[in-house]
K.L.:
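Supplied in structure tokens, the structure appears directly below.
None of the values given here were measured: they were computed from a predicted structure. Any value given below was found using the heavy atoms of this structure, including those in side chains, with hydrogens, waters and symmetry copies removed. All residue numbers in this chain count up from 1 along the given sequence.
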Amino acid sequence: MRYRLSLRENVQASDTSSQDDPKKALDRAGLALDAKTFPQGMETVLSREIEGVDISGGQWQRVAVARGLYRGHDIIVLDEPTSAIDPLEKAQVYRKFAAVARNVAAEIVIHRMGSARIADRIVAMDGGQIVQQGTQEELLAQNGRYASMVEAQSDWRRRKRTPERGSFALQQISRIAQLVHGI
């Protein structure tokens with residue numbers, strides 16, 4: 001969620017009664033508070049329409065993760081936490097997430113199958129039902145639904161790089177949506 005509030009208020013929105021320092025949550029989420037991007041520091045408004053700044057999609061994701069980390073939990077659920085972050089940053093985000101989630105139950109919802117490698121346990125679903133569980137190696141060896149999703153996404157990525165196969169890439173996107181959503 002993108003709130004047109006200060007950076008401080010964006011983080012504190014998850015627990016307005018807490019007196020914890022929101023900078024700690026931002027540090028844990030990997031958002032650097034550089035003076036160029038955040039000229040008023042924590043009081044920088046995150047909206048150009050309100051005389052503030054416009055931040056990147058990846059920075060917004062880090063703000064959202066910080067918002068989640070600001071409030072103490074026994075369970076952490078992240079939905080596509082790296083979708084707006086470039087590939088070089090993903091590994092860093094997942095390392096930070098693993099450190100933060102060390103003593104709590106953590107769930108990451110992903111649609112990019114390569115991100116599943118970091119999981120201790122993967123749960124593959126089809127039509128709202130659990131169809132497979134295990135490590136990535138176990139699920140690939142079973143050659144079931146999970147393996148077919150990985151293969152479909154891998155095919156799509158290979159074909160996407162070849163301009164003359166654009167219609168095939170669109171068909172693969174549709175097929176991936178069918179596999180992921182069970183339609």
Side-chain angles (χ1 to χ4, degrees), residues 1-125 128 130 133-136 139 146 149-150 153 157 176 180-181:
M1 190 60 119
R2 296 180 180 198
Y3 298 114
R4 294 177 179 170
L5 302 169
S6 72
L7 180 58
R8 177 183 309 282
E9 293 165 324
N10 260 279
V11 175
Q12 290 176 325
S14 66
D15 189 353
T16 57
S17 65
S18 175
Q19 298 301 311
D20 290 342
D21 183 1
K23 284 183 184 179
K24 290 179 184 175
L26 288 166
D27 288 342
R28 291 171 66 195
L31 185 67
L33 287 177
D34 64 275
K36 183 179 178 185
T37 306
F38 302 102
Q40 285 82 41
M42 293 296 291
E43 304 316 315
T44 303
V45 175
L46 304 183
S47 172
R48 282 195 192 246
E49 291 107 14
I50 312 174
E51 298 181 22
V53 300
D54 191 20
I55 60 175
S56 72
Q59 289 168 318
W60 270 114
Q61 276 193 302
R62 287 184 178 93
V63 170
V65 169
R67 188 180 306 130
L69 296 173
Y70 183 70
R71 183 177 183 158
H73 303 93
D74 291 331
I75 299 173
I76 299 173
V77 178
L78 298 178
D79 187 359
E80 289 290 349
T82 61
S83 65
I85 297 174
D86 70 68
L88 298 175
E89 292 288 319
K90 284 184 185 190
Q92 179 184 3
V93 169
Y94 284 131
R95 275 194 303 276
K96 283 183 178 277
F97 178 73
V100 167
R102 197 168 308 248
N103 297 316
V104 297
E107 178 179 323
I108 303 175
V109 178
I110 57 114
H111 295 97
R112 294 180 182 153
M113 309 318 296
S115 299
R117 289 189 291 262
I118 68 157
D120 295 330
R121 184 170 141 236
I122 298 168
V123 177
M125 299 183 72
I130 295 173
Q133 297 181 57
T135 65
Q136 180 151 357
L139 296 181
Y146 180 79
M149 288 189 288
V150 169
Q153 197 166 76
R157 286 184 175 274
I176 290 169
V180 170
H181 298 290

K.L.:
Nearest 0.5 Å, please: how far is OG1 in T44 from CG in N10?
P.N.:
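That separation rounds to 11.0 Å.
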K.L.:
Quick one: does any side-chain atom of R71 pair with a main-chain N or O of D15 as donor and acceptor, under 3.5 Å?
P.N.:
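Pair absent, no side-chain N/O of R71 close to backbone of D15.
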K.L.:
Going by side chain to side chain contact (heavy atoms under 4.5 Å, CB included), L7 matches just one of V45, T37, L33, V53. Which one?
P.N.:
L33
K.L.:
Could you give the distance from CE (M125) to OH (Y146), rounded to the nearest 0.5 Å?
P.N.:
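Taking CE in M125 and OH in Y146, the distance rounds to 15.0 Å.
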K.L.:
Determine, stepwise, if the pair F38 / L31 fulfils side chain to side chain contact (heavy atoms under 4.5 Å, CB included).
P.N.:
CA-CA 11 Å; F38 302 102; L31 185 67; 4.0 Å; yes
K.L.:
Only one of R48, E49, E9 forms a side chain to side chain contact (heavy atoms under 4.5 Å, CB included) with R4, so which one is it?
P.N.:
E49
K.L.:
Take V63 and Y3 through the side chain to side chain contact (heavy atoms under 4.5 Å, CB included) test and state the conclusion after the steps.
P.N.:
CA-CA 10 Å; V63 170; Y3 298 114; over 6 Å; no
K.L.:
To the nearest 0.5 Å, how far apart are CZ in R62 and CZ in R28?
P.N.:
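It comes to 15.5 Å.
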K.L.:
Just checking R121: does its CZ atom have more than 12 heavy atoms from other residues, nucleotides or ligands closer to it than 6.0 angstrom?
P.N.:
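No.
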K.L.:
What are the two closest non-hydrogen atoms of A66 and A29, and how far apart are they?
P.N.:
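Scanning both residues completely, I find the closest heavy atoms to be N-CB, 3.7 Å.
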K.L.:
Quick one: pull up CG in L26 and CZ in R67 and give me the separation to the nearest 0.5 Å.
P.N.:
10.0 Å
K.L.:
Taking CD1 in I75 as the centre, count heavy atoms belonging to other residues, nucleotides or ligands within less than 6.0 Å. Is the count above 12?
P.N.:
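Atom CD1 in I75 is not crowded, with 12 or fewer foreign heavy atoms closer than 6.0 Å.
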K.L.:
Measure the spacing between CD of Q12 and CE of M42 and express it to the nearest 0.5 Å.
P.N.:
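Here the interatomic distance stands at 7.0 Å.
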K.L.:
Check this for me: D34, atom CG, are more than 12 non-hydrogen atoms of other residues, nucleotides or ligands nearer than 6.0 Å?
P.N.:
yes
K.L.:
Would you name the heavy atoms of A25 and V11 that are closest together and state the gap between them?
P.N.:
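Looks like CB-CG1, 4.2 Å.
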K.L.:
Look up atom OG1 in T135 and atom CG in D120, then write down how far apart they are to the nearest 0.5 Å.
P.N.:
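The distance works out to 10.0 Å.
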K.L.:
On a heavy-atom basis, which atom in S6 and which in E43 lie closest, and how many Å separate them?
P.N.:
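Of all heavy-atom pairs spanning S6 and E43, the closest is CB-O, 3.7 Å.
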